[in-house]
Amino acid sequence: MLGIETTCDETAAAIVERDPAGRGRILSNIVLSQTDEHAAFGGVVPEIAARAHVEALDLLIAQAMAEAQCEFGSLDGIAAAAGPGLIGGVIVGLTTAKALALVHRTPLVAVNHLEAHALTARLTDGVEFPYCLFLASGGHTQVVAVRGVGEYVLLGNTMDDAIGEAFDKTAKLLGLGYPGGPKVERLAANGNPHRFALPRPMQYRREPDFSLSGLKTAVRLEAERIAPLSDQDVADLCASFQQAIIDTVYDRLRAGLRLFTERYGAPNALVAAGGVAANQAIRQTLQRLTDESRIRLLVPPPILCTDNGAMIAWAGAERLAAGLTDELGVAPRARWPLEAVAHAGSRG
């Protein structure tokens, strides 16, 4: 299966193999980041992202095919992220996949980008359904019951900012540049996480929802109160902010696991996916939570937590194995909730 990813600021193509027993193998996985193109603007510029995808995608597909020693005639399917994401980029990837599928008479699979994150642990670890997913990225923060391919139940969501977005906005506020998450994490290691009394939004509520806009505002108010900021002030703000995120994640996921167990029994694992899962402090918190809950924690390697083509190819392979393909007229979507993804039963 060829997988194409262009929903945000990574252009990616990959070849993944799925055997009849459901075991996966990555044959190639090429990712081109656009970080440098967007850094001067403090965030992703949709028009720049779309143009960069157009310029790079054909070459990346050729590289992925060559590295996998694969010909188009040997593909069983072509998968592309059809949303959610920046619509210009989504159009580039999906249109390319449609053209290839048409020319080579190969089945097309339009993949939900979030579903690809949700299924990645089946590629890397072969986890069985059902499991609990913590999806945390720049655009999404969700707790999801994953019951099967195309079968997702949203247990908790962010009411405002996503965790990755909160990291990036805090970094911008402190003058750290883009992308902000890794920079906040690095400075937090040298800061005092208890210096600033920041809020833990939604703490102790039964529903596993998140709200982070108030935390971001609290950081801004503290920064304004002690301005001008020294290097140590910035490190302490980063550490205090990250600690508030860690405490919130622990509390909200504990509620999510409780709700999952009440509805479906104990999950086979807690799976963390999305770029935020690369944060080591958050990973340690997830490990503590799963150790206490006696549940296995699965976190794909960092290259598979951030956007990549292998996860799209794998989701496409899973859907193809379930008999789920798409017509060439399938539309790109800027918004596409995970729980709205079709499964085999919903298509008759």
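All values below come from the heavy atoms of this structure, side chains included, with hydrogens, waters and symmetry mates left out.
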Atom pair CG (Leu257) and CG (Leu155), whose distance is rounded to the nearest 0.5 Å: 9.5 Å

From CD1 (Ile226) to CG (Leu221), nearest 0.5 Å: 12.0 Å

Polar contact flag, side-chain donor to acceptor under 3.5 angstrom, Asn279-Gln242: yes

Leu114 vs Ser137, side-chain contact (heavy atoms from CB on, under 4.5 Å): CA-CA, chis, key distance, verdict: CA-CA 10 Å; Leu114 305 181; Ser137 65; 5.8 Å; no

Salt bridge Glu115-Arg319, side-chain N to carboxylate O under 4.0 Å: yes

Under 3.5 Å donor-acceptor, Asn157 side chain and Gln142 backbone: no

Residues Gln287, Thr285; criterion side chain to side chain donor-acceptor pair (under 3.5 Å); working and verdict: CA-CA 5 Å; Gln287 189 66 63; Thr285 298; over 6 Å; no

pair Ile78-Pro107: side-chain heavy atoms closer than 4.5 Å: no

Single-linkage hydrophobic cluster, 4.5 Å side-chain cutoff, Leu86 and Leu57 together: no

Audit row: His53, Thr6, side chain to side chain donor-acceptor pair (under 3.5 Å) steps and yes/no: CA-CA 7 Å; His53 291 312; Thr6 56; 5.2 Å; no

Closest contact, heavy atoms only, Ala239 versus Gly191: CB-C, 3.6 Å

Transitive ILVMFWY side-chain link Val149 to Leu298, under 4.5 Å: yes

Salt-bridge present (Lys169, Glu165; N to O < 4.0 Å): yes

same_hphob_cluster(Val144, Leu289) at 4.5 Å side-chain heavy-atom cutoff: no

Minimum heavy-atom distance between Val299 and Cys305, given as atom pair plus value: CG1-SG, 4.1 Å

Leu198 vs Arg200, side-chain contact (heavy atoms from CB on, under 4.5 Å): CA-CA, chis, key distance, verdict: CA-CA 7 Å; Leu198 300 177; Arg200 273 61 171 165; 4.2 Å; yes

Flag, side chain of Ser33 to backbone of Thr35, donor-acceptor distance under 3.5 Å: yes

From CA spacing to verdict: side chain to side chain donor-acceptor pair (under 3.5 Å), Asp251, Thr248: CA-CA 5 Å; Asp251 177 77; Thr248 299; over 6 Å; no

Approximate separation, where rounding is to 0.5 Å, of Arg333 CZ and Ile91 CD1: 13.5 Å

Arg51 and Glu47 ion-paired at < 4.0 Å: yes

Derivation of the side-chain contact (heavy atoms from CB on, under 4.5 Å) call for Arg147 and Tyr264: CA-CA 9 Å; Arg147 305 180 64 193; Tyr264 310 111; 3.7 Å; yes

Gap separating the CZ atom of Phe196 from the CD atom of Glu222, nearest 0.5 angstrom: 6.0 Å

Any Ser240 side-chain heavy atom under 4.5 Å of Gln243 side chain: no

Expected output: side-chain Tyr204 to main-chain Met202 donor-acceptor under 3.5 Å: no

Verdict with reasoning, Tyr131 to Phe260, per ring-ring contact (aromatic ring centres under 6.0 Å, His included): CA-CA 9 Å; Tyr131 53 88; Phe260 186 108; 8.6 Å; no

Hphob cluster co-occupancy, Val271 + Leu304, side-chain heavy atoms under 4.5 angstrom: yes

Pairwise side-chain contact, Leu102 with Leu108, heavy-atom cut-off 4.5 Å (strictly under): no

Leu237 side chain reached by Val234 side chain, heavy atoms, under 4.5 Å: no

Residue pair Arg195 / Asp233, side-chain heavy-atom distance below 4.5 Å: yes

Residue Arg205 excluded, over 12 heavy atoms near CZ under 6.0 Å: no

Close side-chain approach of Arg25 to Val16, heavy-atom, < 4.5 Å: no

Whether Phe167 and Phe241 hold their rings parallel, tilted or perpendicular, with breakpoints at 30° and 60°: perpendicular

Any donor-acceptor pair under 3.5 Å from Thr106 side chain to His104 backbone: yes

Spacing of CG belonging to Leu154 relative to CD belonging to Glu339, to within rounding of 0.5 Å: 5.0 Å

Face-on cation placement of Arg122 at Phe129 ring, 6.0 Å and 45° thresholds: yes

Polar side-chain atom of Lys98 near backbone of Val330 as donor-acceptor pair, under 3.5 Å: yes

N/O donor-acceptor pair under 3.5 Å between Thr306 side chain and Gly275 backbone: no

Main-chain N/O of Gly24 paired to Trp314 side chain as donor or acceptor, under 3.5 Å: no

Steps toward side-chain contact (heavy atoms from CB on, under 4.5 Å) verdict (Asp307, His113): CA-CA 9 Å; Asp307 294 350; His113 176 88; 3.1 Å; yes

Stepwise side chain to side chain donor-acceptor pair (under 3.5 Å) check, Glu292 with Tyr250: CA-CA 11 Å; Glu292 293 172 357; Tyr250 177 87; 2.4 Å; yes

Salt bridge Arg252-Asp209, side-chain N to carboxylate O under 4.0 Å: no

Shortest non-hydrogen contact between Ile312 and Ala116, atoms and distance: CD1-CB, 3.7 Å

Atom CG of Asp76 with >12 non-hydrogen neighbours under 6.0 angstrom: no

Selection residues 57-67 - residue pairs positive for side chain to side chain donor-acceptor pair (under 3.5 Å), sequence neighbours left out: none

Exam field: side chain Gln34 to backbone Thr11, donor-acceptor pair closer than 3.5 Å: no

Closest non-hydrogen atom pair, Leu174 against Cys238: CD1-SG, 3.8 Å

Nearest heavy-atom neighbours spanning Ser211 and Asp160: OG-OD2, 2.7 Å

Nearest heavy atoms of Leu32 and Ala56, plus distance in Å: CD2-CB, 3.6 Å

Ser213-Asp161 side chain donor-acceptor pair, cut-off 3.5 Å: no

Within-4.5 Å side-chain heavy-atom neighbours: Leu100 and Ile61: yes

Residue Glu224 excluded, over 12 heavy atoms near CD under 6.0 Å: yes

Main-chain N/O of Ala277 paired to Arg283 side chain as donor or acceptor, under 3.5 Å: yes

Cluster link Leu135 to Met311, ILVMFWY, side chain under 4.5 Å: no

Flag side-chain contact, heavy atom, 4.5 Å: Asn112 against Leu338: yes

Straight-line distance of Asn308 CG to His117 NE2, nearest 0.5 Å: 7.5 Å

